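Bear in mind the structure is a predicted one, so any value in this text is a computation, not a measurement.
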2 protein chains.
Amino acid sequence: MGNLADFIEQYLRNILLTQRKVELQRRELAKMFRCAPSQINYVLETRFTFEKGYLVESKRGGGGFIRITLVPQDNGDFVQTVESLIPEKLDAEVVEDVLEKLAAWELLDSTDVVLCRELFNKYFSDLHGESAAILRAKLVKAIILVIGFKNKE
Amino acid sequence: MGNLADFIEQYLRNILLTQRKVELQRRELAKMFRCAPSQINYVLETRFTFEKGYLVESKRGGGGFIRITLVPQDNGDFVQTVESLIPEKLDAEVVEDVLEKLAAWELLDSTDVVLCRELFNKYFSDLHGESAAILRAKLVKAIILVIGFKNKE
DNA sequence: GCACCTCTGACCTTTTCTGACTTTATTGTA
DNA sequence: TACAATAAAGTCAGAAAAGGTCAGAGGTGC
């Protein structure tokens, strides 16, 4: 956690902790962090994506601005979300994709992802046969749910 | 016990004696031990594996890092206990007994037990066939590991 | 001598960051 | 009103700053 992008991200997320929108000027923010204005775009593109739950709007010209809006997370049922994000059947090669998707949705952090991956290698890498894909999906779901539950505790 | 890899391992384990995570830069560590950066990877690959109770994450690019996290496992007798309490094969009717035993040993709290039970009902009540019992055992172990990991976080 | 563990260096990939150039919007002015 | 000046933000190629990979050289013990 030592680079500029992370700090800027932190700054913005902090604001979004108390407000649903931030509106600011790219130029000002860049000045604040003593960086090139295009750095701000980099942060927005890599950290404040729709996948992660943000909407970014902007306007050029005089009175221009950048606005970030928090997308209301359908914060309903964690179980629902996991169910909808993970298909009924899961081939081994797809497990990694699913983990990344869950990370993008910030349902898992990076350490959780590594933990899941390792658990799979250790215990469930040799699943085969008829219903392996179904079973794999269930296993992933179960483990994700445990992690998710614990993350909220 | 005299080669570089051992010294680097020692150094890192020492830190992990007092912290559950180390985060450092490969370049810096290599400089410290006057070796090639790739030597660090060798140490990580041979000494800090999941099997041995570690999770390793890393990030490239500016502000990159390597992070090692201790999985509660070989320290104390967590895995020993888990391994001895959970047999290789687990019949469905025995799952509940195992959960209770784990609770008695305070490896799970009462909430964890309910969580496990529900997950089993939801996803794995219909396991059958040859290897169901083995799978059931692995699953319980995996879940216990997650819970143990998360409880320490 | 063979098998296995260490270790390095050359080359690769990913992530961050900047600067030059482009596009768009507003404002002031003839 | 048309047009120039000004004030934003956007784009993108490429430099810089990490870490990753892998073949093969060098040890060590049997």
Side-chain angles (χ1 to χ4, degrees), chain A residues 1-13 15 21-52 54-69 96-97 99-101 103-104 106 109-111 113-114 117-118 121, chain B residues 1-13 15 21-52 54-69:
Chain A
M1 197 54 119
N3 51 21
L4 231 192
D6 287 338
F7 286 130
I8 299 175
E9 178 191 3
Q10 220 23 69
Y11 174 78
L12 292 172
R13 289 178 86 123
I15 297 177
K21 286 182 191 224
V22 215
E23 195 172 306
L24 42 80
Q25 292 203 284
R26 187 180 79 149
R27 219 171 33 98
E28 292 305 314
L29 192 57
K31 204 185 290 174
M32 204 170 142
F33 284 94
R34 275 164 240 249
C35 64
S38 53
Q39 172 73 355
I40 305 303
N41 297 78
Y42 176 71
V43 173
L44 294 175
E45 279 155 28
T46 55
R47 318 292 216 263
F48 292 88
T49 62
F50 182 68
E51 286 248 300
K52 296 187 177 170
Y54 304 92
L55 280 183
V56 176
E57 301 159 78
S58 64
K59 207 184 100 182
R60 308 187 186 193
F65 62 83
I66 285 176
R67 179 162 53 219
I68 310 175
T69 310
E96 186 64 27
D97 294 350
L99 292 180
E100 268 161 41
K101 206 184 284 179
E106 295 184 339
D109 68 24
S110 69
T111 308
V113 170
V114 179
R117 185 158 48 223
E118 296 294 348
N121 289 341
Chain B
M1 199 44 118
N3 53 28
L4 230 193
D6 288 336
F7 285 130
I8 298 175
E9 178 190 4
Q10 219 26 66
Y11 173 78
L12 292 172
R13 289 178 88 122
I15 298 176
K21 284 185 191 228
V22 215
E23 196 172 305
L24 42 80
Q25 292 203 282
R26 186 180 80 151
R27 222 170 32 97
E28 292 305 314
L29 193 57
K31 203 187 290 175
M32 207 169 138
F33 284 94
R34 276 163 240 253
C35 63
S38 52
Q39 172 72 357
I40 305 303
N41 297 79
Y42 176 70
V43 174
L44 293 175
E45 279 154 28
T46 55
R47 320 294 218 261
F48 292 88
T49 62
F50 183 65
E51 289 296 321
K52 297 188 177 170
Y54 304 92
L55 283 182
V56 176
E57 298 162 77
S58 64
K59 206 182 107 184
R60 307 187 186 191
F65 62 80
I66 286 177
R67 179 162 53 220
I68 309 175
T69 309

The residue, A:Tyr42 or B:Thr46, whose nearest nucleotide of DNA chain C is more 5′ is B:Thr46
Given DNA chain C, 5'-ward residue of the pair B:Val43 and A:Val43, judged by closest heavy atom: B:Val43
B:Tyr11 atom OH: more than 12 heavy-atom contacts under 6.0 Å: no
For A:Ile40, which contact category applies under a 4.0 Å heavy-atom criterion: base, sugar-phosphate, or nothing? nothing
For the atom pair NZ (B:Lys52) and CZ (B:Arg13), what is the distance rounded to the nearest 0.5 Å? 8.0 Å
Measure CD/A:Gln39 against P/D:dA16 and give the value in whole Å, please. 16 Å
Going 5' to 3' through nucleotides 19-27 of chain D, assign each nucleotide B (protein heavy atom under 4.0 Å from a base atom), S (under 4.0 Å only from sugar-phosphate atoms) or - (no protein heavy atom that close). BBBB-----
Does B:Lys21 have any side chain to side chain donor-acceptor pair (under 3.5 Å) partners at least two apart in sequence or in another chain, and if so, which? A:Thr111
When all nucleic acid strands are considered with a 4.0 Å heavy-atom cut-off, which category describes A:Arg47: base, sugar-phosphate, or nothing? sugar-phosphate
Whole angstrom value for the distance that separates C1' of D:dA18 from CG of B:Leu29: 15 Å
To the nearest 0.5 Å, how far apart are CD1 in A:Ile40 and CD in A:Gln25? 12.0 Å
Would you grab the first and last nucleotide of DNA chain C (5' to 3') that comes under 4.0 Å of any non-hydrogen atom in chain B? C:dC5 to C:dT16
First locate atom CD1 of A:Ile8, then atom OH of A:Tyr42, and finally report the distance between them rounded to the nearest 0.5 Å. 11.0 Å
For A:Arg117, check side chain to side chain donor-acceptor pair (under 3.5 Å) against everything at least two apart and list the hits. A:Glu96
Going by the rule side chain to side chain donor-acceptor pair (under 3.5 Å), which residues pair with B:Thr49 if we only count those two or more places apart in sequence or in a different chain? none
The criterion is side-chain contact (heavy atoms from CB on, under 4.5 Å); which residues satisfy it with A:Ser58, sequence neighbours excluded? A:Ile66
